[in-house]
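The structure appears right after this line, and notes come after that.
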Amino acid sequence: MINIHLPDQSIMELPENSTAYDAARKISRSLAKEVLAAIVNGKETDITTVLKDGDSLRLITFEDDEGKVVMRHSGSHLMAQAVKRLFPGTQLTIGPAIENGFYYDFDMEGTISAHDIEAIEAEMAKIVKEDLPIERFVLSREEALNFVKEQKEFYKIELIENLPEEEEISFYRQGEFADLCAGPHVASTGMLRAFKLTAVTGAYWHGDSDNKMLQRVYGIVFPKKTQLDAYLLMLEEAKKRDHRKLGKELDLFMMAEEGPGFPFFLPKGMILRNVLLDFWRKKHDEAGYQEISTPLILNESLWHQSGHWDHYKENMYYTTIDEQTFVIKPMNCPGGVLAFKRRMYSYRDLPQRISELGLVHRHELSGALHGLMRVRNFTQDDAHLYITPEQIQEEVIKIIELIDYIYKVFDFEYHMELSTRPENSMGTDEDWEIATEGLRSALEAIGQPYKLNEGDGAFYGPKIDFHLRDSIGRAWQCGTIQLDMQMPERFDLNYIGADGERHRPVMLHRAALGSIERFLGILIEHYAGAFPTWLAPVQARILTITDAHKDYAQDVMTKLKAAGIRVELDDRNEKVGFKIREARLQKIPYMIILGEQEVEKKNLSVRLRKTGKTIEFSLEDFIARVEKETENLADQN
RNA sequence: GCCAGUGUAGCGCAACGGCAGCGCAACUGAUUUGUAAUCAGUAGGUUGUAGGUUCGAAUCCUAUCACUGGCUCCA
């Protein structure tokens, strides 16, 4: 007998040569059904792993993050096997588990169509039915290379060659299919019943657009059909929150074929935007920022000096004025720098925090455009801070705190990423080291977790990015903090220090919302169009019961407007049920219903968006309530 | 930009080689209504655009533009 240590500190006695699966079976039948993989002595492994005396064991199900990865990864193998059966000669590349499922990239003749997807799903179902055991085997490096060469899996040669020297090279076999893989995997294909292929796309080998385009198929897999159905339903629901759909329904913004990637803001969207910016200006004023505005178009010489001409040429738009080339600004910094340079600064003047709601134009690839989320012109809530090197950490922390405050007003969850020096960037290694360290130390001081993105910085400096999620879970970069030691150098910026000498300031570029357009897109999806009272383009709509109540309604509207409340009047000759339905579809926080009773009592019947309940208000109380919500950046209740 | 898909009335959709239609919206009239759709009628189209195949094209082919999902890029 052997003794196995379980996570709850208990010890389980098992016969010699027992597997992790045997342990699961001994605990309960349901666990035996659900177990996907095991962690033995801290290492993830298959449930067929034979246990030794003294091993510690944790069993993994789909409830665990590790379990989701295992099942999804097995799903990708299942799909790859089906594809290889249907399209002989297809070469495998990589097929990982991802956040919401898995994909596999194939190099094949031709492409995969929607029709093929059905055939692949049918073949996958067949393989599930065959219930093939999934077995691990290990080869030496040489054997492994020979094995993949025999199988004509030439991409795998590169993968094996890139494996570290000491790495054990394992494969997983299910029936006729075998794939290089670290594992672990579920025990058999029969466990992968609840799957669905969700998309076919092209994807470049190694993600490099100079490489060959591969066929990528995305899929999802769950232990149970009910979970799969629930997930698909959730996706359907999320689509109803899509800002492009809501933007149309709520008449907030539009796109025209004449302006791909150039959004139009409509009256209601404009209110939303202006309310957001009023809030932004107030907070930035409090935080010590001064707002400026710089020109949209500036002479090409400026862009040579800033380095954009060399590093950002492809993304810029150009125009000619009096036979000279001008650039339509893709960033606000060079113009901002000119404004900074207008006078001399003492060290006592720093930090200078100069903000600009600057409209920038960038030539994004046509295939990259997406509603308000990725456009070709957008307004950055930009600011440039000119500081001494000693002020780096303190100022970066202040910015992080400001951004955190703003995101919390909207109940956003976000994550931060630190991006380091990219290829084709300006400046010395030393500058980059100081700059990167400045950002890193601020992050460490704040103590919030962040992800490291090697080589993803701006061409002039490293950055901290803030990412928010849209309705279907895609992360979009919004806030950003970029530390720049190049621009001050190139524009010969300086301030007079306490020693009376000239010194070079450090420049911080930062945006909190990022792009107003993108942020509004996220905001629309976040609230599903039902904006809190303070943000709602229309805060209240007055609905009359009959024409007899029009005068009173007009009177109420005049008074609400005078109080600064955004109000509309629906005095059409329609039934009140119909008017309520329309106001609901417009997601207006308050409906004020005025009929015989209200005229008599000189009050308001107010129907709340949140509960659908109707409450009687005096005009004054209603105004007070909306004013309070507006002031507190709040929603109803 | 690349791969795949989709473009039909303001919006959502049907017709898939044989007369371009439905619902909502719009307009007109009736109805004066109490908490998610009152009734009747009218009008609205060079089927994204340009070529081609065909007796005949929304439908098939080619090109192009836009959009959608990815890749790449990025706020």
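In this text the structure is predicted, and so the values were computed from the model without any measurement. All chains are named by letter (A, B, ...) in the order of the sequence lines, taking the proteins before the strands, and each is independently numbered beginning at 1.
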Report which part of the nucleic acid [X] touches: base, sugar-phosphate, or nothing (heavy-atom distance under 4.0 Å, all strands).
{"X": "A/M373", "value": "base"}
{"X": "A/E574", "value": "base"}
{"X": "A/R607", "value": "base"}
{"X": "A/G595", "value": "base"}
{"X": "A/V360", "value": "nothing"}
{"X": "A/K579", "value": "nothing"}
{"X": "A/G577", "value": "sugar-phosphate"}
{"X": "A/K613", "value": "nothing"}
{"X": "A/A511", "value": "nothing"}
{"X": "A/E314", "value": "nothing"}
{"X": "A/I516", "value": "nothing"}
{"X": "A/Q597", "value": "base"}
{"X": "A/S605", "value": "base"}
{"X": "A/Y218", "value": "sugar-phosphate"}

Hey, what's the ring geometry for A/H526 with A/F412, parallel, tilted or perpendicular (30° and 60° as the breaks)?
-> tilted
Side chain of [X] only, please: which of [options] is the nearest?
{"X": "A/T546", "options": "B/U32, B/C3, B/A75", "answer": "B/U32"}
{"X": "A/D547", "options": "B/C2, B/U32, B/G34", "answer": "B/U32"}
{"X": "A/T111", "options": "B/A75, B/C71, B/A4", "answer": "B/A4"}
{"X": "A/Q380", "options": "B/A75, B/G34, B/G70", "answer": "B/A75"}
{"X": "A/V576", "options": "B/C11, B/C3, B/U35", "answer": "B/U35"}
{"X": "A/R374", "options": "B/U72, B/C71, B/A66", "answer": "B/U72"}
{"X": "A/L365", "options": "B/C71, B/A75, B/G1", "answer": "B/G1"}

Which dot-bracket notation, 5' to 3', represents the base pairing of RNA chain B when pairs are defined as Watson-Crick or G-U with both distances under 3.5 Å, crossing pairs as [ ], and inter-strand pairs as |?
-> (((((((..((((....[..)))).(((((.......))))).....(((((..]....))))))))))))....
Measure from [atom1] on [X] to [atom2] on [N] and round the result to the nearest Å.
{"X": "A/L520", "N": "B/A75", "atom1": "CG", "atom2": "C1'", "value": "13 Å"}
{"X": "A/H308", "N": "B/A75", "atom1": "NE2", "atom2": "P", "value": "10 Å"}
{"X": "A/K212", "N": "B/C3", "atom1": "NZ", "atom2": "P", "value": "12 Å"}
{"X": "A/F102", "N": "B/G70", "atom1": "CZ", "atom2": "P", "value": "16 Å"}
{"X": "A/K239", "N": "B/G12", "atom1": "NZ", "atom2": "C1'", "value": "15 Å"}
{"X": "A/R581", "N": "B/U35", "atom1": "CZ", "atom2": "P", "value": "16 Å"}
{"X": "A/L372", "N": "B/A75", "atom1": "CG", "atom2": "C1'", "value": "13 Å"}
{"X": "A/L468", "N": "B/A75", "atom1": "CG", "atom2": "P", "value": "14 Å"}

Donor-acceptor pair under 3.5 Å, A/Y204 side chain vs B/G70 base =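 Under the 3.5 Å cut-off, the side chain and the base do not form any donor-acceptor pair.
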Assess whether one donor atom and one acceptor atom, taken from the side chain of A/Q215 and the base of B/G70, lie less than 3.5 Å apart.
-> no
Can you list every pair that meets salt bridge (Lys or Arg N to Asp or Glu O under 4.0 Å) and has a residue in [range], with sequence neighbours left out?
{"range": "residues 90-101 of chain A", "value": "A/E99-A/R469"}
{"range": "residues 104-119 of chain A", "value": "A/D105-A/R216, A/D107-A/K212"}
{"range": "residues 516-530 of chain A", "value": "A/R273-A/E517"}

A/F378-B/A75 aromatic stacking (under 5.5 Å, under 30°) = yes
Can A/D621 and A/R625 be counted as an ion pair, charged N to O under 4.0 angstrom?
->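 No salt bridge links A/D621 with A/R625.
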Residues A/E582, A/K579: salt bridge by 4.0 Å N-O rule =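 Salt bridge: no.
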Kindly give the heavy-atom pair with the smallest separation between A/S425 and A/H311, and that separation in Å.
-> C-CE1, 3.9 Å
Counterpart residues, ring pair (Phe, Tyr, Trp, His ring centres under 6.0 Å), relative to A/Y386 (two or more places apart) |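 With sequence neighbours excluded, A/Y386 shows a ring pair (Phe, Tyr, Trp, His ring centres under 6.0 Å) to A/F340, given in chain and number order.
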Applying ring pair (Phe, Tyr, Trp, His ring centres under 6.0 Å) to A/Y289 and not counting sequence neighbours gives A/H284
Dump every N/O contact between nucleotides 24-29 of chain B and the protein below 3.5 Å, one line per pair.
none

Check whether any side-chain N or O of [X] sits under 4.0 Å from OP1 or OP2 of [N], and answer yes or no.
{"X": "A/R216", "N": "B/G69", "result": "no"}
{"X": "A/K248", "N": "B/G10", "result": "no"}
{"X": "A/H370", "N": "B/G69", "result": "yes"}
{"X": "A/R244", "N": "B/G69", "result": "yes"}

With sequence neighbours excluded, residues passing side chain to side chain contact (heavy atoms under 4.5 Å, CB included) with A/K398 | A/R353, A/E394, A/E395
How would you list, by chain and number, every residue that makes a side chain to side chain contact (heavy atoms under 4.5 Å, CB included) with A/K239, sequence neighbours excluded?
->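 Side chain to side chain contact (heavy atoms under 4.5 Å, CB included) list for A/K239, sorted by chain: A/E236.
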Between A/F410 and A/F519, does the ring centre distance come in under 6.0 Å?
-> yes
Of A/A368 and A/P260, the one whose closest nucleotide on RNA chain B sits nearer the 5' end is A/A368
First encountered from the 5' end of RNA chain B, between A/L594 and A/N315 =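 Its nearest nucleotide lies further toward 5', so the answer is A/L594.
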What one-letter contact string describes nucleotides 44-50 of chain B from 5' to 3', where B marks a base within less than 4.0 Å of any protein heavy atom, S marks contact via sugar-phosphate atoms alone, and - marks no contact?
-> -------
If you measure from CG on A/L92 to NZ on A/K84, what distance do you get to the nearest 0.5 Å?
-> 5.0 Å
Min side-chain heavy-atom separation A/L569-A/T544 under 4.5 Å = yes
Not counting sequence neighbours, which residues clear salt bridge (charged side-chain N to carboxylate O under 4.0 Å, His left out) with A/K268? List them please.
->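 A/K268: salt bridge (charged side-chain N to carboxylate O under 4.0 Å, His left out) contacts with A/E568.
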Restricting to pairs with a member in residues 90-113 of chain A, which pass ring-ring contact (aromatic ring centres under 6.0 Å, His included), not counting sequence neighbours?
->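 Listed once each, the pairs are A/Y103-A/Y218, A/Y104-A/F106.
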C1' gap between B/A58 and B/C13, integer Å =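 The same atom, C1', in both gives a distance of 14 Å.
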